[in-house]
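These figures come from a predicted structure and were not determined experimentally.
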Amino acid sequence: VQLQAFGGGLAQAGGSLALSCAASGRSIRNYAMGWLRQAPGKEREFVSGITGNGGSTEYTDSVKGRFTISRDNAMNTVLLQMNSLKPEDTGVYYCAAASSIWSMKRSAFHSWGQGTLVTVSS
């Protein structure tokens, strides 16, 4: 499955951005989907994941209560609504597919695509 993230840009601290991930090539319904990010000078980190049927989600502690992940299997898309943005949310955000959220957290991806840059100014 090929993945492409969209929706990045510049936001002020406290603002919101919505990222979307468009998948092509095959249906995402059998994959856990998620978002990763890589801040300047830092390693890539898991941000959020959602199971194939959308019944379960996980978030890294720093974004809990601020970010919401969702998916539309019919449209083959995954969304990440980011609210109350902080400067430390700055980074390149990548969409990824994996067999499970557990695998995603351990960087065992089936695929991941080109990212989209999010910049949050203070």
Side-chain angles (χ1 to χ4, degrees):
V1 58
Q2 290 78 48
L3 304 172
Q4 177 68 58
F6 300 93
L10 177 64
Q12 291 188 333
S16 299
L17 283 173
L19 305 184
S20 61
C21 173
S24 60
R26 63 190 305 175
S27 172
I28 62 171
R29 65 179 65 253
N30 294 321
Y31 295 103
M33 299 297 295
W35 292 90
L36 319 166
R37 70 185 176 191
Q38 187 164 19
K42 296 186 177 180
E43 293 186 354
R44 183 183 62 209
E45 65 170 338
F46 170 84
V47 175
S48 180
I50 186 168
T51 52
N53 63 3
S56 181
T57 58
E58 292 191 33
Y59 300 90
T60 191
D61 287 345
S62 63
V63 309
K64 285 180 180 177
R66 301 188 297 120
F67 290 12
T68 302
I69 190 171
S70 61
R71 65 190 294 161
D72 185 335
N73 287 341
M75 296 297 292
N76 240 24
T77 57
V78 183
L79 303 178
L80 185 69
Q81 177 65 43
M82 306 186 295
N83 298 326
S84 301
L85 284 164
K86 302 177 180 180
E88 50 264 43
D89 294 320
T90 294
V92 178
Y93 283 69
Y94 301 91
C95 178
S99 59
S100 66
I101 296 176
W102 185 90
S103 296
M104 189 173 298
K105 286 182 173 180
R106 288 153 182 82
S107 299
F109 308 117
H110 179 274
S111 58
W112 59 306
Q114 292 183 334
T116 185
L117 176 63
V118 171
T119 303
V120 183
S121 62
S122 59

CG (Leu80) and OG1 (Thr116) are apart, to the nearest 0.5 Å, by 11.0 Å
Heavy atoms only: give me the nearest Ser122-Pro87 pair and the separation to one decimal. CB-CG, 3.8 Å
In this structure, CZ of Arg71 is separated from CG of Asn76 (nearest 0.5 Å) by 8.5 Å
Is the CZ atom of Arg26 crowded by more than 12 outside heavy atoms at less than 6.0 Å? no
Which heavy atom of Leu17 sits nearest a heavy atom of Gly7, and at what distance? CD2-O, 4.2 Å
Step through the shown structure and confirm whether more than 12 heavy atoms of other residues, nucleotides or ligands are within 6.0 Å of CD on Gln114. no
Side-chain contact test, heavy atoms from C-beta onward, threshold under 4.5 Å: evaluate it for Trp112 versus Arg44 and give yes or no. yes
Strictly distance-based, threshold 3.5 Å: is any side-chain N or O of Arg66 a donor or acceptor partner for the main-chain N or O of Ser84? yes
Less than 4.5 Å apart, side chain to side chain, heavy atoms only: is that true for Met104 and Glu58? no
Gap between atom CD1 of Ile28 and atom OG1 of Thr77 - 0.5 Å precision: 6.5 Å
Any heavy-atom pair between the side chains of Leu85 and Phe67 that's under 4.5 Å? yes
Any heavy-atom pair between the side chains of Ser62 and Lys86 that's under 4.5 Å? no
Option passing side chain to side chain contact (heavy atoms under 4.5 Å, CB included) with Ser20 (candidates Leu79, Asp72, Val78): Leu79
Starting from Val92, can I reach Leu36 by hopping between I/L/V/M/F/W/Y residues whose side chains sit under 4.5 Å apart? yes
Before accepting this row, confirm whether a basic side-chain N of the pair Asp61/Lys64 lies closer than 4.0 Å to the acidic partner's carboxylate O. yes
Please tell me whether Val63 and Ile50 are part of a single hydrophobic cluster in this structure, the criterion being side-chain heavy atoms less than 4.5 Å apart. yes
dist Gln81:CD -> Leu19:CG (nearest 0.5 Å) comes out at 8.5 Å
Do Leu3 and Val47 belong to the same hydrophobic cluster, where Ile, Leu, Val, Met, Phe, Trp and Tyr are linked whenever their side-chain heavy atoms lie under 4.5 Å apart, directly or via other members? yes
Chi angles and distances behind the side chain to side chain contact (heavy atoms under 4.5 Å, CB included) call for Ile69, Met33: CA-CA 9 Å; Ile69 190 171; Met33 299 297 295; 5.6 Å; no
Assess whether atom CD of Gln38 is packed by more than 12 heavy atoms of other residues, nucleotides or ligands within 6.0 Å. yes
According to the interplanar angle, ranging from 0 to 90°, do the rings of Tyr31 and His110 count as parallel (below 30°), tilted (30 to 60°) or perpendicular (above 60°)? tilted
Can you tell me how far CG of Asn30 sits from OG of Ser99, rounded to the nearest 0.5 angstrom? 11.5 Å
Is there a side-chain contact between Asp89 and Met82 (heavy atoms, below 4.5 Å)? no
Donor-acceptor under 3.5 Å (Asn73 side chain, Ser27 main chain): no
Ile101 versus Ser56, closest heavy-atom pair with distance: CD1-O, 4.1 Å
Hey, what do you get for OG1 (Thr68) to CG (Asn83), rounding to the nearest 0.5 Å? 6.5 Å
Residues pairing under side chain to side chain donor-acceptor pair (under 3.5 Å) where one sits in residues 45-55, two or more places apart or in two chains, turn out to be Arg37-Glu45, Thr51-Asn53
